[in-house]
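Before any comments, here is the structure.
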Amino acid sequence: MDFINVEKKWQKKWADSKLYSFDKSKIKDKYYVLEMFSYPSGAKLHAGHWYNYGPSDTFARFMRMNGKEVFQPMGFDAFGLPAENYAIKSGIHPQDSTLKNIATMEGQLKAMGASFDWDYEIKTCMPDYYKWTQWIFLQLYKHNLAYRKEAPVNWCPSCNTVLANEQVVDGACERCHTTVIRKNLTQWFFKITQYAEELLQGLDTIDWPEKTKAMQRNWIGKSTGGEIEFTCESGDKFSVFTTRADTVFGVSYVILAPEHPLVDKITTDEHKASIAAYKDNCAKISEIDRMSTTREKTGAFTGAYCINPVNGEKVPIWIGDYVLYSYGTGAVMGVAAHDERDYDFAKKFDLQIRRVVKSKDGGNDDLPYCDYGVICNTGTQFDGMTSEEGKVAIVKWLEEKNNGRLKTNYRLRDWLISRQRYWGAPIPIVYCDKCGEVPVPEKDLPVSLPYNVEFKPNGKSPLASCEEFMNATCPKCGGKARRDPDTMDTFVCSSWYYLRYPDAHNDKAAFDPEIVNKMLPVDKYIGGAEHACMHLLYARFFTKALRDMGYLKFDEPFKSLVHQGTILGPDGFKMSKSRGNIISPDDYVSKFGSDAFRLYLMFGFSYIEGGPWSANGMESITKFLERVERIVDRANLQNNDNQQMDAQEKALNYTRNYTIKRVSEDLGAFSFNTAVARIMEYVNELYKYDSATGDKKNASFFKACISDLVLLLAPFVPHIAEELNEKLGGKYSVFEMRYPVCDENALVKDEYELAVQINSRMKAKIIVPSDADAKEIEEIALQNTSVKSAIGDMNIVKVIVIPKRLVNVVCK
RNA sequence: GCCGAAGUGGUGGAAUUGGCAGACGCGCCGGACUCAAAAUCCGGUGAUGGCGACAUCGUGCGGGUUCAAGUCCCGCCUUCGGCACCA
């Protein structure tokens with residue numbers, strides 16, 4: 001078969017007949033399959049794209065053949081830094097390069113032969129899309145979920161922009177790996193923390209990889225404990241957050257973050273200089289160094305004291321940079337005996353160490369003792385309580401005295417979305433001298449991104465120097481106003497694109513809730529695991545926020561999620577230009593065809609795992625497809641009218657239905673490699689039957705078996721399957737036929753083979769009737785001559801019979 | 001340090017969740033067809049010992065539970081992902 005031309009032929013026919021158009025009248029049977037959309041980079045589609053889109057298209061086609069009205073759209077995540085960086089280097093405008101790249105990628109994606117419905121395509125950089133991104137911003141603003149504040153932010157000096165916490169990896173910029181510095185800037189935030197608890201709880205309701213859910217749980221980082229209030233001698237009050245209130249009697253000092261506002265106020269004159277020096281020092285230390293757990297603890301004494309509310313003791317107040325101002329209250333109680341960090345600190349500065357918890361069983365007595373135990377040495381009613389009881393009881397007791405309360409904290413921070421970059425969606429806010437911060441009215445959207453902008457970096461937002469953009473009229477007072485020169489993080493665009501797809505051309509709204517509430521949630525979402533704590537978390541947040549605003553009626557955007565593995569270079573490393581280990585699919589596709597390439601990707605790897613690329617076996621896939629074609633040709637040659645269903649036909653029919661059953665199960669579970677293996681076995685059986693029966697075969701039965709083979713293969717090799725179906729005289733299209741359904745009756749055998757073990761060692765195989773019960777099986781087994789001789793003169797202790805599995809005879 | 005995943009032939013990878021380890025491929029060996037080659041078809045292929053039927057060993061390492069462990073439990077090692085002074 002001329003694979004290359006066959007592909008062209010069917011791609012044209014599919015496009016002409018609009019085979020993959022979503023039929024809205026069948027919305028009841030909708031099945032929304034979504035692959036994470038692509039970033040339109042200059043490079044061609046790489047093996048990773050194919051690995052993402054090929055197998056998931058196979059899945060989509062399988063669902064289609066199961067009678068689902070499959071909605072499988074495709075689009076482009078088109079804003080972003082790479083296009084802008086490329087522009088800085090080459091002088092080519094990001095819009096021009098992006099649109100050109102999109103055109104190229106569209107062609108490549110179509111050449112893959114995936115069943116995308118291109119009528120719903122979206123490109124996030126187009127005004128008809130980002131208009132609605134801005135609209136969503138305004139809704140968040142209206143509902144107090146978007147706010148501006150000055151905060152220390154992560155600044156990448158190379159990209160000249162702030163980064164979200166999620167985009168800082170090991171203290172460096174996720175993209176360019178430049179060390180991130182701290183900067184105080186006024187920036188826009190989305191209040192994702194308001195949904196921390198629900199984002200956590202919701203994980204239990206969705207079918208996602210456990211690993212990804214664990215990562216999100218971790219990222220949200222819930223911890224329950226209490227806030228305890230300490231009063232300074234000066235009368236000032238501050239609280240600490242602790243999860244171990246059971247140890248509060250052991251406080252030997254309290255420690256504030258260097259940035260804590262109280263520090264300057266309470267520091268005694270005598271210590272002013274040293275505290276100032278310490279704070280100065282902290283500001284100089286890089287974020288990575290400060291975060292290092294191995295670094296020796298540092299700190300400085302303020303000279304001030306406060307009162308421990310549980311026992312009235314006077315404790316010294318220190319500052320130290322191991323306390324983070326951004327978490328909890330920015331202040332911590334130091335319990336040297338029961339916390340490793342506090343222990344180190346106390347040892348270094350020679351502070352008191354007092355034990356107030358002992359082990360439950362009197363075992364380990366080393367300090368620091370950080371496990372839960374039993375409270376001791378406090379001389380109060382709490383002595384003898386377990387840590388678990390005590391940590392609640394003590395806080396409640398303090399609460400009565402107005403000195404504390406139960407408290408839950410999350411590590412999740414609000415999402416910083418301002419970017420000092422050009423190629424993104426403008427923030428729809430203007431600043432008026434009189435009225436301050438004013439949202440752009442919805443009727444004035446979009447706030448268009450101007451084309452003529454100097455985007456060479458100068459430490460400020462490129463838009464800031466574009467007067468035509470910056471000058472605006474205040475919607476409230478009509479006076480002069482300035483626009484926000486920043487653009488939104490591109491993750492904002494991708495946080496709602498799955499909502500736009502089903503109503504992609506709506507120019508009155510971001511989406512019609514009527515449609516979206518029927519089409520969503522996404523039934524199967526497929527994409528890389530690297531988005532666990534970014535895109536996948538943000539999208540969940542958007543969904544919940546829009547639900548609370550009344551637009552959506554569902555809680556979670558992606559009901560079921562699958563991560564494909566990564567195809568590594570042949571050297572076992574991640575493919576990258578710098579390593580020079582990139583495998584281009586084109587070489588293989590032009591030689592073997594896209595079907596063969598896709599089939600190879602599915603057969604050669606475990607989809608979830610991925611692995612290093614190796615072309616070993618690429619040829620054998622082509623051989624297999626040719627083998628399939630030959631057996632299809634054989635079916636066409638048969639024309640006798642034998643109708644027998646004898647042992648050989650029954651055996652083949654068994655394999656046929658067993659294959660149907662297993663392939664369907666495997667496809668549902670994204671286990672493509674085993675599904676292909678089952679089909680190969682089936683082909684082997686077809687050959688066996690063909691050669692064993694010669695011209696005496698049941699031709700119509702054989703042909704039916706071959707038809708099923710073509711249907712089974714259709715999702716895997718769509719072009720070839722259309723061609724083979726045509727050869728067999730089938731109607732167009734094979735994708736409008738139903739996937740074969742297993743006939744359970746064909747799987748019922750009269751008898752089956754069963755393994756017999758003697759003392760857990762395989763000794764014989766026996767044939768037993770399918771309906772034999774344990775007792776009958778035991779009799780048959782014990783009469784078997786090999787079994788008898790293996791038992792010899794041993795005594796049978798007991799016989800374990802597991803029908804359909806095995807028999808184990810235990811002897812002495 | 002914490003969380004998660006993984007470790008199986010020469011090789012990619014299977015194993016119905018505790019039940020015949022190594023499915024299906026690749027590679028290798030052999031056979032058929034052929035004057036020959038290619039293509040194709042058929043068979044063999046974990047290791048060790050034995051002419052042999054067979055026996056022993058075998059899923060990262062060490063223990064354990066069980067009639068039965070790749071799978072469960074305890075203790076380690078290695079690799080890969082994620083988090084990391086979060087009080």
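Because the structure is a prediction, the values reported are computed rather than measured. Residue numbers begin at 1 in each chain, while the letters A, B, ... track the order of the sequences.
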With both distances under 3.5 angstrom, what nucleotide forms a Watson-Crick or G-U wobble pair with C2(B)? G82(B)
How is G604(A) classified with respect to the nucleic acid when contacts are heavy atoms under 4.0 Å: base, sugar-phosphate, or nothing? sugar-phosphate
Answer with yes or no whether K765(A) presents, from its side chain, a donor or acceptor under 3.5 Å of a partner atom in the base of C20(B). yes
With respect to the phosphate group of A14(B), does any side-chain polar atom (N or O) of N673(A) fall under 4.0 Å of OP1 or OP2? yes
Hey, is the side chain of R678(A) pairing donor to acceptor with the base of A23(B) inside 3.5 Å? yes
Within this structure, what is the CD1-to-C1' distance between I800(A) and G18(B), rounded to whole angstrom? 12 Å
Please figure out whether K688(A) or M680(A) has its closest RNA chain B nucleotide nearer the 5' end. M680(A)
C85(B) and A21(B): how far apart are their P atoms, nearest whole angstrom? 49 Å
Describe the nucleic acid contact of S614(A) in one word from base, sugar-phosphate, nothing, applying a heavy-atom distance below 4.0 Å. nothing
Under 4.0 Å from OP1 or OP2 of A87(B): is there any side-chain N or O of Y327(A) that close? yes
Would you mind classifying the nucleic acid contact of K623(A) as base, sugar-phosphate or nothing, using non-hydrogen atoms under 4.0 angstrom? sugar-phosphate
Taking pairing as Watson-Crick or G-U wobble with both contacts under 3.5 Å, can you name the mate of C35(B), or confirm there isn't one? none
Do the ring planes of Y607(A) and Y51(A) sit parallel (below 30°), tilted (30 to 60°) or perpendicular (above 60°)? tilted
Counting any heavy atom closer than 4.0 Å, what does R630(A) reach on the DNA or RNA strands: base, sugar-phosphate only, or nothing? sugar-phosphate
Of I802(A) and N409(A), the one whose closest nucleotide on RNA chain B sits nearer the 5' end is I802(A)
As a test of reading the structure: which of C41(B), C24(B), A87(B) is closest to the side chain of F603(A), going by heavy atoms? C24(B)
Report the base-pairing partner of G52(B) (Watson-Crick or G-U wobble, both distances below 3.5 angstrom), or none. none
Can you check whether S606(A) has a side-chain N or O nearer than 4.0 Å to OP1 or OP2 of A14(B)? yes
Paired to C28(B) by Watson-Crick or G-U wobble criteria (both distances under 3.5 Å) is G44(B)
With both distances under 3.5 Å as the test, what is the Watson-Crick or G-U wobble partner of G75(B)? C61(B)
For F241(A), does the six-membered ring have the charged nitrogen or CZ of K407(A) within the cation-pi criterion, i.e. under 6.0 angstrom from the centroid and within 45° of the normal? no
Where the side chain of R761(A) is concerned, which of U56(B), A23(B), C41(B) is the nearest nucleotide? U56(B)
May I ask you to say what G610(A) touches in the nucleic acid, namely base, sugar-phosphate or nothing, with a heavy-atom cut-off under 4.0 Å? sugar-phosphate
Chi-angle category of G49(B) [syn within 90° of 0, anti beyond]: anti
Name the orientation of the base relative to the sugar in U59(B): syn if the glycosidic angle is within 90° of 0, else anti. anti
Give me the one residue out of F716(A), W50(A), F592(A) that meets ring-ring contact (aromatic ring centres under 6.0 Å, His included) with F597(A). W50(A)
Could you tell me whether the phosphate oxygens of C42(B), OP1 or OP2, come under 4.0 Å of any side-chain nitrogen or oxygen in S691(A)? no
Can you see whether S223(A) engages Y327(A) through a side-chain donor-acceptor pair at a distance of less than 3.5 angstrom? yes
Verify the distance criterion only: is there a donor paired with an acceptor across the side chains of T193(A) and Y410(A) at less than 3.5 Å? no
Identified pairing partner of G18(B), criterion: Watson-Crick or G-U wobble below 3.5 Å: none
Between R217(A) and G82(B), does any side-chain N or O lie under 4.0 Å from OP1 or OP2? no
Check every strand shown and say whether K763(A) touches a base, only sugar-phosphate, or nothing at a heavy-atom separation below 4.0 Å. sugar-phosphate
The salt bridge (Lys or Arg N to Asp or Glu O under 4.0 Å) partners of K688(A) (sequence neighbours excluded) come to E685(A)
